[in-house]
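In what follows, a single structure is set out as C-alpha cells and then discussed.
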Number of protein chains: 2
Amino acid sequence: MTQSPHSQTLDRGLRVLEVLAAAEGPMTIAEIAAEVRAHRSIVYRMIRTLEDHRLVSRGADGLYGLGLGLAALARSVSPALQSAAMPALSELADDVGMTAFLVVPEGDDAVTLLSVEPRRTAVHVAYRPGVRHSIHRGAPGIAILAGRPPAAGEAANVARARTQGWAYSQGEVLSGMRSVAAPVVDRRGGVAASVAVVYVADDVDTAALGQRVVAAAKAVATEMP
Amino acid sequence: MTQSPHSQTLDRGLRVLEVLAAAEGPMTIAEIAAEVRAHRSIVYRMIRTLEDHRLVSRGADGLYGLGLGLAALARSVSPALQSAAMPALSELADDVGMTAFLVVPEGDDAVTLLSVEPRRTAVHVAYRPGVRHSIHRGAPGIAILAGRPPAAGEAANVARARTQGWAYSQGEVLSGMRSVAAPVVDRRGGVAASVAVVYVADDVDTAALGQRVVAAAKAVATEMP
DNA sequence: AACACCCCGTTCGATAATCGAACAAGGATA
DNA sequence: TATCCTTGTTCGATTATCGAACGGGGTGTT
C-alpha cells in the first residue's frame with residue numbers, strides 16, 4: 001500500500017482559502033501564514049497565484065479576502081440540479097414561510113448545496129450552503145436514504161419515510177429545529193438530492209407540509225434534464 | 001522589477017478546477033490532464049489533494065466533477081452582503097417577475113455574486129453568478145459608479161443615474177436585454193454593490209421599475225451590519 | 001482468442017520549483 | 001532621532017515536484 005502522494009503546495013494553497021473562509025473578515029498575509037503554519041514568503045507566492053484566478057482579492061485596505069471567482073465555480077457544481085431546483089425552492093420557501101434548501105449526498109454525508117430564505121417572515125432559520133452532517137441524521141439525509149432501493153437492516157425512520165414519501169426529524173442536527181424533507185428522484189430512478197424545510201414552531205400540520213415538500217421535490221425532478 | 005513569482009503547482013491545481021467548471025459534465029483524469037496540458041501523474045496527485053478538500057468528487061462512474069466544498073467556500077464570499085441581499089432579491093424577483101441579482105465591483109469589473117429567478121414566470125432571463133463585465137457597461141456597473149462620489153469627466157449615463165437614483169441600460173451586455181439597477185450604499189457611504197433586474201419586454205414602466213429596484217437596494221443596505 | 005486501445009494508478013531518479021533565512025523599505029510609536 | 005513592527009522581495013540550498021515508464025484491468029474489434 002502506497003502513501004498516495006499528495007501535493008503539498010496545492011494543499012497549502014487550498015488551506016489558505018479555507019482559512020479565509022473561516023475568518024471573520026479580511027486578513028493580512030502574516031495572519032494567514034500563521035494560521036496555515038507556513039512561511040510568509042510562501043503565502044505571498046500562493047496569494048499572488050490565487051489572485052490571478054480571482055479566488056482571493058485584496059481589499060482597499062490591503063487586506064485579503066475570498067474573491068468572486070468562487071461564485072462562478074460554485075455555480076458550476078451540479079449546474080443542472082441547481083437550475084432545476086432554484087425556482088421550486090423559492091416557491092416552496094414563500095408558500096410555507098420557511099427556509100427551503102437542497103441537500104445532496106456525498107459519501108456518507110448530506111451536504112446543503114443551495115438554500116432559499118422566505119421573502120418576508122419576521123423570523124426564519126438561516127441554513128447555509130456547505131452545511132454537512134451524517135446522512136443518517138436529520139430529515140434531509142433520511143429522505144435521500146428513503147429514495148434509494150430498500151436496504152437490509154435499514155433504520156425504522158428510513159422505512160417510514162419511504163412509505164409516506166417524506167421524512168421528519170426533530171433536533172437531530174440542530175436542537176430545537178424540526179425539518180421535513182422529500183427525495184428528488186430523477187428519471188433513471190436514482191436519488192440526486194432531497195428538498196427540505198426547517199422550522200421551530202410546534203403548531204405545524206406536518207402531514208400537509210410533507211405533501212407540499214413532496215410536490216416541490218417532484219417539481220425539481222421534472223425540471224431535471 | 002521582479003517577476004513576482006507565482007506557484008506553478010497551485011496554478012495548475014486551480015486550472016483543474018476551472019477546467020471542470022467549464023466542462024459539460026464529469027471528466028476522466030486523462031481528459032483533464034490533456035486540457036491542463038500537464039502529465040497525468042501530476043493530475044493524479046492534484047486530484048487527490050483537491051478531493052481531500054472536497055473541491056472535486058469522484059462520481060459513481062469514476063469520473064470527476066466539482067465537489068460540494070465549493071458551495072461552502074462561495075457562501076463565505078462577502079457573507080454579510082449575501083445574507084442581507086437574499087430576502088430582498090427574492091422579494092424583488094417575485095414582485096416584478098424578473099430575475100434579480102446582486103452585482104459587486106472588483107477592480108474595473110462588475111461581477112454577479114448572487115441571482116434569484118422569479119417563482120413562476122413562463123419565461124425569464126437566467127443570469128448566473130460569476131458573470132463578469134466592464135463596470136462601465138450595463139446598468140449594474142453604472143449604478144455602482146453612480147453610487148460613488150462624483151468623479152471628474154465621468155460619463156453622462158453615470159451622472160443621470162446618480163440624479164435619478166437608478167440606472168438603465170439596453171443591450172450593453174447582452175443584446176436585446178434591458179436592465180435596471182440601483183446602488184447599495186452602506187452605512188459608511190461606500191458602495192458595496194448594486195441590485196439589478198433584467199428583462200426583454202419593451203412595454204415596461206421603467207420609472208416605476210426603477211423605484212422598485214431602488215427600494216430593494218435600500219432594503220439590502222438596511223440589513224447590512 | 002488474440003489483439004489493440006484506452007484508462008487507471010503507481011514507482012522512482014533527475015530536475016526544477018519550492019522553501020525560508022535574510023534583506024530592504026516603509027509606517028507607527030515613543 | 002531611535003526603536004519596533006509590518007510588508008514585500010531576493011537567492012542559494014533543499015526538497016517537493018515532475019514525468020517517463022511500468023503493470024493491470026476493462027472494452028471492443030478482427
Side-chain angles (χ1 to χ4, degrees), chain A residues 1-20 22-67 106-107 188 190, chain B residues 1-67 69 106-107:
Chain A
M1 188 62 187
T2 35
Q3 311 189 20
S4 297
H6 288 219
S7 168
Q8 182 186 74
T9 303
L10 179 54
D11 177 73
R12 291 211 257 218
L14 300 178
R15 285 178 56 194
V16 167
L17 291 181
E18 284 160 5
V19 163
L20 286 173
E24 296 294 319
M27 303 174 75
T28 76
I29 289 196
E31 287 169 335
I32 299 171
E35 200 72 32
V36 179
R37 229 171 281 271
H39 197 271
R40 268 190 12 258
S41 64
I42 300 176
V43 178
Y44 271 98
R45 198 178 23 234
M46 295 193 302
I47 284 275
R48 271 192 283 260
T49 308
L50 290 167
E51 232 183 332
D52 286 349
H53 291 261
R54 304 187 194 279
L55 299 185
V56 309
S57 67
R58 174 172 37 217
D61 45 9
L63 302 183
Y64 288 91
L66 292 182
E106 189 177 64
R188 288 180 304 274
Chain B
M1 187 62 187
T2 34
Q3 309 190 20
S4 297
H6 289 219
S7 168
Q8 182 186 73
T9 303
L10 179 54
D11 178 73
R12 290 210 259 218
L14 300 178
R15 284 178 56 195
V16 167
L17 291 181
E18 284 159 7
V19 164
L20 286 173
E24 296 294 317
M27 303 174 75
T28 78
I29 289 197
E31 287 170 334
I32 299 171
E35 200 73 32
V36 179
R37 230 171 281 271
H39 198 272
R40 265 189 14 256
S41 64
I42 300 175
V43 178
Y44 271 98
R45 197 175 29 232
M46 295 193 302
I47 285 275
R48 271 192 284 262
T49 308
L50 290 167
E51 233 183 330
D52 287 349
H53 291 261
R54 303 186 194 279
L55 300 185
V56 309
S57 67
R58 174 174 36 219
D61 46 9
L63 302 182
Y64 289 90
L66 293 183
E106 189 178 66

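Convention: sequence-line order gives letters A, B, ...; per-chain numbering from 1. Since the structure is predicted, the reported quantities are computational estimates derived from the model, not experimental observations.
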Closest heavy-atom pair and its distance - S7(B), T49(A): N-OG1, 2.9 Å
Sequence-aligned protein contact record of nucleotides 16-24 of chain C, with B where the base is within under 4.0 Å of a protein heavy atom and S where only the sugar-phosphate is: -SSBBB---
Exercise: identify the closest heavy-atom pair between S57(B) and E106(A): CB-OE2, 3.7 Å
Distance (rounded to the nearest 0.5 Å) between I47(B) CD1 and L55(B) CG: 10.5 Å
Close approaches to DNA chain D from residues 27-37 of chain B, in residue order (heavy atom, under 4.0 Å): none
Less than 3.5 Å apart, which donor and acceptor atoms pair up between the side chains of residues 11-32 of chain B and the rest of the protein, not counting sequence neighbours?
from: D11(B); atom 1: OD1; to: H53(A); atom 2: NE2; distance (Å): 2.6
from: R12(B); atom 1: NH2; to: Q8(B); atom 2: OE1; distance (Å): 3.1
from: R15(B); atom 1: NH2; to: V36(B); atom 2: O; distance (Å): 3.2
from: E18(B); atom 1: OE1; to: H53(A); atom 2: ND1; distance (Å): 3.4
from: E18(B); atom 1: OE2; to: H53(A); atom 2: ND1; distance (Å): 2.6
from: T28(B); atom 1: OG1; to: A30(B); atom 2: N; distance (Å): 3.3
from: T28(B); atom 1: OG1; to: E31(B); atom 2: N; distance (Å): 3.0
from: E31(B); atom 1: OE1; to: T28(B); atom 2: N; distance (Å): 2.9

Distance, rounded to the nearest Å, where R58(B) contributes CZ and dC8(C) contributes C1': 11 Å
Side-chain N,O (R48(B)) to OP1/OP2 (dT10(C)) below 4.0 Å: yes
